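So the structure is just underneath, and the comments pick up after that.
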Amino acid sequence: MTSLDPARPKPLPTPETRHFWDGTKAGKLLLQRCGDTGQAYFPPRPFSPFTGTRNVEVFEASGRATLLSYVIHHRPAPGFTPPYAIAVVKLAEGPQMMTNIIDCPQTPEALVLDMPLEVAFVPLDDAITLPLFRPAEAR
């Protein structure tokens with residue numbers, strides 16, 4: 001199992017994002033959907049970015065994604081051991097999410113655009129579990 005450096009910056013949940021962090025701790029990727037358009041969105045917020053309505057619902061996402069873009073960082077940063085990929089993934093439900101890619105070499109040969117990914121829930125500490133992504137197992 002991947003372990004994270006305790007010096008890694010820690011997200012600070014807010015009342016608007018608490019459901020998301022509670023979900024990751026429980027091994028669920030929770031997104032929100034606009035009740036008027038049905039469109040999923042991320043990051044969490046109490047109103048739809050499409051219509052401004054507060055008619056929103058929380059739902060469990062599939063955890064599947066594709067690699068949309070990335071950069072391989074080679075310089076040290078607190079809580080990270082280079083090289084590591086800083087990536088944007090496109091979730092199967094539509095939204096994009098910034099994350100890290102784990103469980104594969106951090107090289108351009110291994111990180112192929114549009115490659116299928118799956119979420120991996122990795123605890124940072126007792127309170128925060130991060131949704132990172134790894135290459136999807138063949139199904």
Side-chain angles (χ1 to χ4, degrees):
M1 177 175 188
T2 300
S3 63
L4 300 176
D5 185 328
R8 185 180 178 124
K10 180 178 172 179
L12 298 173
T14 65
E16 293 80 16
T17 64
R18 172 58 58 196
H19 73 277
F20 177 79
W21 297 112
D22 288 346
T24 60
K25 189 172 180 179
K28 298 177 181 180
L29 185 61
L30 300 180
L31 298 179
Q32 290 172 289
R33 178 174 18 235
C34 174
D36 294 347
T37 67
Q39 290 180 275
Y41 62 89
F42 184 85
R45 63 197 97 162
F47 58 88
S48 166
F50 308 109
T51 65
T53 183
R54 290 188 176 269
N55 177 19
V56 299
E57 66 175 324
V58 175
F59 71 99
E60 185 175 355
S62 67
R64 293 186 317 272
T66 56
L67 183 58
L68 193 60
S69 179
Y70 70 91
V71 63
I72 300 171
H73 203 287
H74 291 277
R75 301 188 75 160
F80 295 87
T81 302
Y84 58 94
I86 302 167
V88 176
V89 301
K90 184 172 178 92
L91 301 173
E93 293 76 13
Q96 296 175 13
M97 176 184 286
M98 185 173 279
T99 187
N100 298 115
I101 307 299
I102 60 170
D103 297 340
C104 78
Q106 304 292 285
T107 65
E109 293 78 21
L111 297 168
V112 178
L113 294 181
D114 296 324
M115 70 188 284
L117 303 168
E118 62 188 14
V119 70
F121 297 102
V122 183
L124 181 57
D125 61 21
D126 290 341
I128 296 291
T129 297
L130 298 179
L132 306 181
F133 283 79
R134 64 179 168 223
E137 294 181 14
R139 297 178 191 219

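Bear in mind the structure is a predicted one, so any value in this text is a computation, not a measurement.
Side-chain N or O atoms of T14 include one that pairs as donor or acceptor with a backbone N or O of T17 at under 3.5 Å. Here the side chain of T37 pairs no donor or acceptor atom with the backbone of T51 at under 3.5 angstrom. Under a 3.5 Å cut-off, the side chain of K25 and the backbone N or O of D126 do form a donor-acceptor pair. With T24 contributing its side chain and T129 its backbone, the two residues share a donor-acceptor pair below 3.5 Å. Distance alone, capped at 3.5 Å, is enough to place a donor-acceptor pair between the E93 side chain and the S62 backbone. Judged by distance alone, with hydrogens and angles left aside, the side-chain atoms of R45 form a donor-acceptor pair with the main-chain N or O of P43 at under 3.5 Å. Using modelled atom types, one side-chain atom of Q106 and one backbone atom of A85 make a donor-acceptor pair closer than 3.5 Å.
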Would you sort out whether R8 and F80 count as a side-chain contact (heavy atoms from CB on, under 4.5 Å), showing the intermediate values? CA-CA 6 Å; R8 185 180 178 124; F80 295 87; 3.4 Å; yes

Check the pair T99, L117 against side-chain contact (heavy atoms from CB on, under 4.5 Å), reporting the backbone distance first and the verdict last. CA-CA 12 Å; T99 187; L117 303 168; over 6 Å; no

Given the rule in the side-chain contact (heavy atoms from CB on, under 4.5 Å) test, do L31 and V58 qualify, once you have shown the distances and angles that lead to the verdict? CA-CA 6 Å; L31 298 179; V58 175; over 6 Å; no

Applying side-chain contact (heavy atoms from CB on, under 4.5 Å), run through D36 and S48 and close with a yes or a no. CA-CA 9 Å; D36 294 347; S48 166; over 6 Å; no

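Here the closest non-hydrogen pair linking V112 and L67 is O-CD2, 3.6 Å. The two residues E16 and P46 make their nearest non-hydrogen contact at CG-CD, 3.6 Å.
Taking Ile, Leu, Val, Met, Phe, Trp and Tyr as hydrophobic and joining them when side-chain heavy atoms fall under 4.5 Å apart, one finds V56 in a cluster with Y41, F50.
The only member of V88, I101, N100, L111 that meets side-chain contact (heavy atoms from CB on, under 4.5 Å) when paired with Y70 is L111.
Counting only heavy atoms from C-beta outward, the side chains of T66 and L68 never approach each other to under 4.5 Å.
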